[in-house]
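Written below as structure tokens is the structure these notes are about.
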Amino acid sequence: RHYFGVLENVTCLAVLILMSLQALVSFQHLHIHNQKLWVDFEGQCQKFLENPYDEMIAAHIRCAMAVSNGDMMEAYACQGVVTQSFLKAFQAQKEENWAIPVLKRVVSDLRQFALKAEASLVRSKSRRKPGEMLEKAADLIMSCFRVCVSDSRTALEVSKRVGTPTLVNQLFKIYFKINTLHLCKPLVRAIDGSDIKDHFTKAQFVTYKYFVGKKDMFDSDFKAAAESLEFAFNCCYISSQRNKRLILIYLIPVKMLLGYMPKPELLKKYDLLEFEDVRRAVSQGNLLLLSQTLRKHEAFFIRFGIYLILQKLKIISYRNLFKKVYVLLGGTHQLPLRAFEDALKFMKVEDIDIDEVQCIVANLIDKNYIRGYISHQHQKVVVSKQVPFPSVATLFK
């Protein structure tokens with residue numbers, strides 16, 4: 001009775017809203033363990049609360065009951081009703097945004113229950129489409145997002161637009177989980193085209209930049225990815241070592257592709273020694289070591305989705321290996337293709353022949369890793385007498 005009495009006041013008195021309503025619909029609050037709430041809760045909700053708050057709180061209690069019974073599918077369905085009911089009330093509020101903290105709590109719990117529902121489907125070997133629960137959760141969160149961004153004529157201090165950072169980050173988490181990255185682009189455009197970006201909290205903007213950086217990396221826009229991920233890493237709280245490590249898992253491959261190798265001290269500090277032999281292999285042009293390292297840590301790299309990104313480092317390894325051949329031949333500007341072929345065979349590159357060597361060299365020339373041209377008549381690579389192997393880092397400035 002006390003729970004419903006507090007809620008009755010909360011829906012009427014703004015002074016209690018931020019103190020009580022957010023907690024009373026949260027699954028981090030102690031009330032979810034109180035089974036006394038389960039007794040005649042439908043009647044209590046109708047007695048004490050107005051619509052749609054009665055639907056919202058009744059669904060919240062049903063969700064708590066489902067969690068207690070270990071039924072994550074039912075819990076997810078109930079949290080969906082909580083979100084829909086809250087959205088009705090939220091949408092009806094004009095020129096006020098006091099409910100933003102409640103919105104944050106409701107959609108965060110919705111995503112968490114969608115994840116748990118997905119896990120329960122996997123355990124039960126269900127034939128339902130993988131990611132279906134997360135897709136539906138994303139649709140609900142997107143409905144909240146549209147309500148927030150459409151509140152454009154209200155002064156920012158009382159505008160619902162203040163809630164967009166949380167919603168965007170929640171949607172990013174879902175889209176990356178179900179591998180629908182193309183859906184991130186409209187969100188990025190919406191944020192970049194508005195003034196709300198200046199009103200992110202530090203934590204929100206770090207999260208936003210982390211996901212934007214990952215998206216740019218998968219789009220092969222490595223320079224933009226490096227900028228976003230570096231911002232996220234530098235602005236991430238020093239105490240958040242786990243988050244800083246997670247950012248580095250994506251920043252390190254991106255920076256290596258731009259010609260910057262990580263320092264061993266950095267890898268040791270953040271327990272990322274999986275990259276140590278990758279760094280050494282690329283720097284030395286050691287294709288054999290690179291292949292062995294990618295195989296050795298394949299599970300780790302695949303888990304974080306960077307295995308194919310690291311494969312792109314082969315072209316820089318080719319460049320560094322061929323530069324060694326150039327140095328060993330005394331710096332002459334006419335380099336026999338056969339020498340490159342021998343170097344690749346020494347690195348145990350499979351199925352290599354002179355035609356494959358020409359393809360590799362042509363690709364390096366096309367990307368400006370080598371300055372020169374191939375003389376097919378003489379089977380030689382004629383390189384520039386001035387800076388034939390420009391620094392990789394200078395190519396992206």
Side-chain angles (χ1 to χ4, degrees), residues 165 168-169 172 175-176 179-194 197-198 200 202 204-236 243-263 266-267 270 272 274-276 278-283 285 290 294 301 304-323 360 362-371 384 387-397:
V168 166
N169 287 339
F172 275 160
Y175 292 155
F176 273 85
N179 197 27
T180 53
L181 304 192
H182 64 282
L183 296 176
C184 296
K185 292 181 180 180
L187 299 177
V188 175
R189 283 200 300 268
I191 296 298
D192 288 348
S194 71
K197 192 162 60 174
D198 300 327
F200 276 68
K202 182 179 179 181
Q204 287 173 336
F205 205 46
V206 166
T207 302
Y208 175 77
K209 283 292 193 179
Y210 165 71
F211 282 112
V212 170
K214 280 179 66 176
K215 174 191 161 296
D216 288 335
M217 180 190 74
F218 290 122
D219 288 341
S220 295
D221 188 351
F222 300 120
K223 189 172 181 181
E227 290 175 2
S228 292
L229 291 169
E230 279 186 323
F231 177 92
F233 181 78
N234 292 330
C235 293
C236 187
N243 289 343
K244 291 178 82 74
R245 180 179 184 270
L246 189 59
I247 296 167
L248 279 176
I249 287 173
Y250 300 97
L251 180 57
I252 287 170
V254 167
K255 292 293 284 183
M256 283 198 285
L257 285 164
L258 296 176
Y260 298 95
M261 298 298 123
K263 294 182 179 180
L266 180 74
L267 300 179
Y270 289 98
L272 289 172
E274 292 87 352
F275 290 103
E276 172 56 29
V278 176
R279 176 197 69 80
R280 194 154 53 90
V282 175
S283 298
L290 180 61
L294 292 181
F301 296 140
F304 290 101
I306 57 173
Y307 183 78
L308 294 179
I309 300 296
L310 291 170
Q311 289 279 1
K312 294 176 184 287
L313 289 169
K314 282 187 177 180
I315 192 165
I316 300 178
S317 302
Y318 285 133
R319 177 256 182 210
N320 292 342
L321 176 63
F322 292 170
K323 185 179 179 181
I360 294 171
N363 196 20
L364 289 167
I365 292 172
D366 179 62
K367 294 181 180 297
N368 292 320
Y369 290 127
I370 296 177
R371 289 179 181 160
S384 170
V387 196
F389 293 85
S391 167
V392 175
T394 62
L395 301 177
F396 295 95
K397 290 184 177 179

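Atom set for the values below is all heavy atoms of this structure, side chains included, hydrogens, waters and symmetry mates excluded.
Applying the side-chain hydrogen bond (donor to acceptor under 3.5 Å, both in side chains) test to K197 and every residue at least two apart in sequence or in another chain returns D192. F211 meets the ring pair (Phe, Tyr, Trp, His ring centres under 6.0 Å) test with F172, F176; sequence neighbours excluded.
Nearest heavy atoms, V254 versus M217: CG2-CG, 3.6 Å. Closest approach of K215 and C184 over heavy atoms only: CD-CB, 3.8 Å. Pairing each heavy atom of L267 with each of P262, the nearest pair is CD2-CB, 4.0 Å. The shortest heavy-atom contact between S228 and D216 is OG-OD2, 4.3 Å. For the pair N243 and C236, the tightest heavy-atom approach, listed with the atom from each and the gap, is CB-SG, 3.8 Å. G213 and A225 make their closest contact through O-CB, 3.4 Å (heavy atoms, listed as atom of the first residue, atom of the second, distance).
Annotation: the span from L364 atom CG to I370 atom CD1 amounts to 4.5 Å, rounded to 0.5 Å. Note that the CG atom of L310 and the CZ atom of F275 stand 6.0 Å from one another [nearest 0.5 Å]. Here the straight-line distance linking atom CZ of F304 with atom NZ of K214 works out to 9.0 Å at 0.5 Å rounding. Note that the CD1 atom of I306 and the CD1 atom of I249 stand 6.5 Å from one another [nearest 0.5 Å]. L248 contributes atom CG, which lies 6.0 Å from atom CG of L272 (distance to the nearest 0.5 angstrom). One distance of note links CD1 of I360 with CD1 of I365; it measures 12.0 Å at 0.5 Å rounding.
When the shell of 6.0 Å around NZ of K263 is examined, it contains 12 or fewer heavy atoms from other residues, nucleotides or ligands.
Side-chain atoms of N368 never come within 3.5 Å of backbone atoms of L395 as a donor-acceptor pair (strictly under, hydrogens ignored). Of the possible polar contacts, one joining the R245 side chain to the Y270 backbone as a donor-acceptor pair under 3.5 Å is found. R319 places a side-chain N or O within 3.5 Å of a backbone atom of P390 that can act as its donor or acceptor partner. Judged by distance alone, with hydrogens and angles left aside, the side-chain atoms of K255 form no donor-acceptor pair with the main-chain N or O of Y260 at under 3.5 Å. One N or O on the side chain of T394 and one on the backbone of S391 form a donor-acceptor pair closer than 3.5 Å.
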Inset, instruction - Show your reasoning for whether ring pair (Phe, Tyr, Trp, His ring centres under 6.0 Å) applies to F205 and F231. - result: CA-CA 9 Å; F205 205 46; F231 177 92; 5.2 Å; yes
Legend entry - Check against side chain to side chain contact (heavy atoms under 4.5 Å, CB included), M261 and V278: CA-CA 9 Å; M261 298 298 123; V278 176; over 6 Å; no
Legend entry - Stepwise side chain to side chain contact (heavy atoms under 4.5 Å, CB included) test for L258 and V392: CA-CA 6 Å; L258 296 176; V392 175; over 6 Å; no
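E274 has its side chain out of reach of I252: every pair of non-hydrogen atoms, C-beta onward, lies at least 4.5 Å apart. With contacts defined as side-chain heavy-atom distances shorter than 4.5 Å, the pair Y250/Y210 qualifies. Annotation: side chain of F200 is not in contact with side chain of V206 (no heavy-atom distance under 4.5 Å). Side-chain contact between F222 and K312 is present, with heavy atoms from C-beta onward closer than 4.5 Å. The side-chain heavy atoms of N320 and I316, taken from C-beta on, include a pair separated by under 4.5 Å.
In this structure, K223 is not positioned above the aromatic face of F396 in the sense of NZ or CZ being under 6.0 Å from the six-membered ring centre and within 45° of the axis.
Defined by atom type and a distance below 3.5 Å, a donor-acceptor pair is present between the side-chain atoms of Q311 and Y307.
Contact check on K209 versus E230 returns no salt bridge, with no Lys/Arg side-chain nitrogen under 4.0 Å from an Asp/Glu carboxylate oxygen.
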